[in-house]
Protein chains: 2
Amino acid sequence: MSRKPKSDGEAYLTATLSKGLEVLEALAEVEEIGLSELARRMEISAPTLFRLLATLVASGYVQKSDSRYRLTLKSWEIGAKTVRRLKLREVVRPRAERLVERSAESAHLAVLQGAGVVIIDKVEAVQPVRVDTYVGQRAPAHCSATGKVILAFSPEDRVKEILDQSIERFTERTIVDRAKLMKDLAVARSRGYATNRGEWRADVSAIAVPLLDHADAVVASLSLTMPTQRFTDAAIKNAFLPALKEAAAAISADLGRAP
Amino acid sequence: MSRKPKSDGEAYLTATLSKGLEVLEALAEVEEIGLSELARRMEISAPTLFRLLATLVASGYVQKSDSRYRLTLKSWEIGAKTVRRLKLREVVRPRAERLVERSAESAHLAVLQGAGVVIIDKVEAVQPVRVDTYVGQRAPAHCSATGKVILAFSPEDRVKEILDQSIERFTERTIVDRAKLMKDLAVARSRGYATNRGEWRADVSAIAVPLLDHADAVVASLSLTMPTQRFTDAAIKNAFLPALKEAAAAISADLGRAP
DNA sequence: AAAACTATTTCAATATATGAAAAACCGCAA
DNA sequence: TTGCGGTTTTTCATATATTGAAATAGTTTT
């Protein structure tokens with residue numbers, strides 16, 4: 001049932017569909033937009049874009065009013081069905097809530113998806129100073145606590161594959177040297193958690209632990225994210241780490257028992 | 001910047017894009033699937049589907065492993081950006097949490113989207129018997145409390161437009177008679193809330209109130225959903241309604257003050 | 001009321017998508 | 001092993017859908 005991987009992976013693509021999906025993605029970046037402006041941005045002719053948009057409207061992905069276009073929630077609905085299959089969230093949610101109570105910081109549940117991680121659930125702490133994150137947000141794997149901890153517990157070839165795609169520098173603290181990064185992951189694996197001090201976004205830090213299934217495979221990560229100012233060694237040692245470990249243990253146990 | 005509406009709205013569609021989106025939607029219905037089975041379901045030739053899938057894979061919407069296809073979280077990521085723009089959730093979340101504490105039932109935040117409503121946030125109550133709902137779920141407008149209350153407070157021509165598309169019968173309690181439905185909406189408008197006793201899904205009931213912006217336009221609805229058994233007149237009158245009214249008033253005030 | 005936009009529509013040239021059929025691959029049974 | 005019934009992938013000639021220039025139409029600005 002499986003074929004040998006094709007040498008030329010670029011073949012057999014349908015251009016029109018690609019373009020339509022690009023339109024969708026471009027629309028996600030703006031509140032709303034007119035035809036000609038979008039045509040300029042995408043470097044695509046107006047009539048072509050006009051037809052693509054007409055199709056997206058007809059299919060329910062885009063709303064048009066007064067010749068302005070904006071996304072509907074349709075792609076989100078489709079995605080929600082996918083997310084829902086990850087039972088993970090149901091299991092994690094109550095544990096994450098307790099975690100937030102104990103630590104007073106915001107918890108995130110994230111999974112590896114392509115070359116990065118995606119936040120699939122979040123419990124926000126009541127704090128005057130908060131970090132701007134949202135459910136559905138994508139983060140780079142190599143410079144987020146949540147991504148690094150998943151990589152640390154993933155098979156080595158999988159890690160290499162991902163790092164081949166993405167060791168972009170975001171701040172001066174981003175670890176872009178491959179060897180150093182591998183060492184960082186090794187440390188995370190031996191300690192059982194990963195941290196990130198402003199490696200992705202300046203002044204934002206996080207600590208993350210892996211969530212393991214019955215076979216000890218990592219399926220997601222649980223993290224606490226906060227302004228770097230509150231990310232002190234004392235807090236990590238006395239508050240964050242114990243709370244995370246306990247939550248992760250409970251969750252991993254839940255997952256292990258699940259069918 | 002606005003054109004006169006076209007008489008023939010069906011023109012100018014690009015078939016390939018439509019088909020590709022249909023593939024996406026079909027994939028959302030299953031955990032994972034092989035090429036030939038999907039081709040049969042969609043009544044589309046195998047080579048064509050093969051190319052569409054290859055494109056979706058290349059664009060990151062679909063994952064392929066061992067000749068089995070499944071959706072990634074990409075469409076959800078795109079949708080999340082859209083949802084995020086609805087600041088609504090941030091405002092509503094804390095109020096909804098208190099609402100759930102007070103009522104001991106699950107709260108839903110929903111917006112009108114096309115011919116139905118979509119749940120954009122949910123706070124689940126701790127109850128041994130719960131109703132199966134999820135964030136991202138679509139519900140019909142004409143037979144859900146949340147949909148009816150939005151319709152009740154919407155301009156009449158907008159309501160007509162929606163009801164022209166969808167008065168499907170789901171249970172024996174679904175109101176499918178147009179006149180009766182309009183009367184039901186009128187009652188909801190005068191009372192300030194709508195209810196649904198098993199009109200959509202048997203044994204599931206709900207009560208919903210509108211969330212109004214500064215201009216008294218309805219932007220969403222807040223509801224409590226539960227097994228019909230717990231949906232007693234006494235509970236509605238003494239617990240659900242007061243709690244909902246209070247929450248809605250607070251939220252509408254919040255929205256009114258917002259820029 | 002023209003000028004300067006934007007959005008639609010038309011249309012002929014052309015690039016693209018199409019499905020039949022063939023090839024390649026897989027799991028299984030004899 | 002070989003062959004069979006299923007799958008997926010590739011090729012290719014053909015039909016078709018897509019394309020952008022240019023014309024048309026509507027809107028806003030000057």
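Chain A is the first sequence line, chain B the second, and so forth, proteins listed ahead of strands; every chain is numbered from 1.
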Charged N to carboxylate O below 4.0 Å: is that the case for B/K183 and B/D177? no

B/E156/B/K160 salt bridge by N-O under 4.0 Å criterion: yes

For the student: nearest non-hydrogen atoms of [X] and [Y], plus distance:
X: A/W76; Y: B/V118; value: CZ3-CG1, 3.9 Å
X: A/A115; Y: A/A141; value: O-CB, 3.7 Å
X: A/I120; Y: A/V135; value: O-CG1, 3.7 Å

Could you check how far [atom1] of [X] sits from [atom2] of [N], rounded to whole Å?
X: A/Y69; N: C/dT6; atom1: OH; atom2: C1'; result: 11 Å
X: A/R68; N: D/dT27; atom1: CZ; atom2: P; result: 15 Å
X: B/L35; N: C/dG19; atom1: CG; atom2: P; result: 13 Å
X: A/L49; N: D/dT18; atom1: CG; atom2: P; result: 14 Å
X: B/E37; N: D/dT7; atom1: CD; atom2: P; result: 9 Å
X: B/D66; N: D/dT9; atom1: CG; atom2: P; result: 10 Å
X: B/L13; N: D/dT16; atom1: CG; atom2: P; result: 18 Å
X: B/L38; N: D/dT7; atom1: CG; atom2: P; result: 13 Å

Closest to the A/F50 side chain: C/dT8, D/dT8, C/dT10? C/dT8

Among residues 15-27 of chain B, which contact DNA chain C at a heavy-atom distance under 4.0 Å? B/T16, B/K19

More than 12 foreign heavy atoms under 6.0 Å from CZ of B/R158: is that the case here? no

How far apart are the C-alpha atoms of A/H108 and A/T146, what are their side-chain angles, what is the distance that settles it, and do they pass the side chain to side chain donor-acceptor pair (under 3.5 Å) test? CA-CA 8 Å; A/H108 294 93; A/T146 205; over 6 Å; no

Using only side-chain N and O atoms of [X], determine if any of them is under 4.0 Å from OP1 or OP2 of [N].
X: B/T55; N: C/dA17; answer: no
X: A/S67; N: C/dA7; answer: no
X: B/T48; N: C/dG19; answer: yes
X: A/Y12; N: D/dT9; answer: no

Reading DNA chain C from 5' onward, which residue's closest nucleotide shows up sooner: A/A46 or A/T14? A/A46

Upstream residue (5' side of DNA chain C) when A/R40 and B/S45 are each assigned their closest nucleotide: A/R40

Of B/G34 and B/R51, the one whose closest nucleotide on DNA chain D sits nearer the 5' end is B/G34

